[in-house]
There are 2 protein chains.
Amino acid sequence: MESRIERIKKQLHSASYKLTPQREATVRVLLEHEEDHLSAEDVYLLVKEKAPEIGLATVYRTLELLNELKVVDKINFGDGVSRYDLRQEGAAHFHHHLVCIECGAVDEIQEDLLEDVEKVVERDWKFQVKDHRLTFHGICWRCQDKTDTEDAKQDSLEKQHVE
Amino acid sequence: MESRIERIKKQLHSASYKLTPQREATVRVLLEHEEDHLSAEDVYLLVKEKAPEIGLATVYRTLELLNELKVVDKINFGDGVSRYDLRQEGAAHFHHHLVCIECGAVDEIQEDLLEDVEKVVERDWKFQVKDHRLTFHGICWRCQDKTDTEDAKQDSLEKQHVE
DNA sequence: ACGATAATGATTTTATTTTGCAACTTCCTG
DNA sequence: CAGGAAGTTGCAAAATAAAATCATTATCGT
């Protein structure tokens with residue numbers, strides 16, 4: 001993790017930006033919540049725990065900066081807020097998401113999956129693909145299990161009290 | 001087109017909503033700009049031409065309603081505005097988009113392309129896919145042509161004035 | 001340590017979207 | 001075809017997110 005921060009620091013420097021304490025604190029929060037999909041406000045509140053003097057504007061600026069450097073990706077799941085997601089180190093493409101319409105959970109898929117599709121797009125639409133955003137909406141395995149269990153429960157109830 | 005409005009009217013009725021003149025005007029604007037990706041404000045201004053007395057809030061409410069009914073999809077290309085895109089009639093899935101990072105043009109892909117990928121997701125992640133969002137970011141054929149032309153121009157200039 | 005340059009935090013501003021509410025429509029019922 | 005409940009509208013105000021402003025402060029190479 002330290003080495004990861006070091007590398008981000010180098011990225012900043014090579015674009016002649018500085019790794020200030022505020023920026024470092026922000027990056028640390030992102031690293032500690034790699035699985036989550038935090039909004040700017042979320043990040044702000046978490047960073048504030050470590051560095052209470054930080055301002056919201058700085059968090060916005062830092063996130064925008066990290067987005068420029070392709071360290072994070074700015075995503076939008078349809079609620080009005082932008083969320084920020086660390087990009088896998090060295091990944092050329094952004095990873096995919098599974099959004100559960102039951103419980104709202106967001107899972108990640110790191111595999112590419114789109115190689116063939118991109119080839120088709122490049123060939124048939126003459127579109128030179130640089131990046132992509134892919135999100136599936138549906139029902140996650142947890143909610144499928146839950147529903148199964150409830151169905152089973154429901155079934156047994158219906159057996160007891162036939163209406 | 002009239003029949004399409006008729007069908008949307010039925011959809012509204014079956015959810016016990018009404019097709020008011022304002023809603024009809026809004027739907028007509030959407031149909032007439034099927035290729036575009038209008039923001040709420042865009043729609044508002046266009047509807048106002050036909051029905052000047054309409055309020056912005058009504059447009060927002062209508063778009064939200066049509067989104068609920070899956071007549072339109074609400075999309076977000078990363079600028080701060082939501083855009084509304086008519087769904088192909090009968091399409092189970094939302095179509096895909098090609099966003100050009102040079103000129104900002106947004107093209108649509110109606111083909112599915114994701115059948116295989118969805119199978120993998122359902123199998124390997126036990127995720128029951130209901131819908132998807134796929135957007136490619138890259139360079140459209142128009143800008144590729146443009147760049148080619150400019151390169152050629154540049155080449156010939158360089159031949160004339162070698163530095 | 002110094003000084004140019006970059007970054008910060010508090011606050012204000014902008015832009016988009018949502019909400020509250022009184023007035024107005026719509027459409028069903030008799 | 002009048003009456004009335006339910007649904008809808010337009011306006012204005014409020015809520016939200018994000019960006020911009022600006023005086024102050026920190027950073028880093030020399």
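In the text below, chain A, chain B and the rest are named by the order of the sequence lines, each starting its count at 1.
Atom P of nucleotide C/dT5 and atom OH of A/Tyr17 are separated by 16 Å, given to the nearest angstrom. Separating the CG atom of A/Leu19 from the P atom of D/dG29 is a distance of 13 Å, rounded to the nearest angstrom. Between B/Asn76 atom CG and D/dA17 atom C1' there is a gap of 12 Å when expressed in whole angstrom units. Between the CG atom of B/Asp79 and the C1' atom of D/dA19 there is a distance of 15 Å, given to the nearest Å. Taking atom CG of residue B/Leu66 and atom P of nucleotide D/dT8, one finds them 12 Å apart after rounding to whole Å. Distance, B/Arg23 CZ to D/dG10 C1': 14 Å, rounded to whole Å.
An OP1 or OP2 oxygen of D/dG10 is reached within less than 4.0 angstrom by a side-chain nitrogen or oxygen of B/Gln22. In this model, the phosphate group of C/dT17 is approached by a side-chain N or O of B/Ser82 to a distance below 4.0 Å at OP1 or OP2.
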| request: Could you please spell out the steps behind the side-chain hydrogen bond (donor to acceptor under 3.5 Å, both in side chains) verdict for A/Asp85 and A/His97? | output: CA-CA 11 Å; A/Asp85 208 351; A/His97 292 97; 2.8 Å; yes

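Between A/Arg28 and A/Glu24 there is a salt bridge, with a side-chain nitrogen of the basic residue lying less than 4.0 Å from a carboxylate oxygen of the acidic one. Using a 4.0 Å cut-off between charged side-chain N and carboxylate O, A/Asp73 and A/Arg133 make a salt bridge. The residues A/Asp145 and B/Lys126 are annotated as not salt-bridged, no charged nitrogen and carboxylate oxygen being separated by less than 4.0 angstrom.
For A/Glu53, the CD atom is densely surrounded, since the number of other residues' heavy atoms within 6.0 Å is greater than 12.
Each of D/dT9, C/dT8, D/dG7 was ranked by its minimum atom distance to the side chain of B/Lys18; first place goes to D/dG7.
A donor-acceptor contact under 3.5 angstrom links the side chains of B/Glu118 and B/His132, judged on distance only.
Along DNA chain C, the nucleotide nearest B/His13 and the nucleotide nearest B/Glu64 are compared for position; the residue whose nucleotide lies closer to the 5' end is B/Glu64.
Remark: A/Ala57, A/Tyr60, A/Arg61 in residues 29-61 of chain A come within less than 4.0 Å of DNA chain D through at least one heavy atom.
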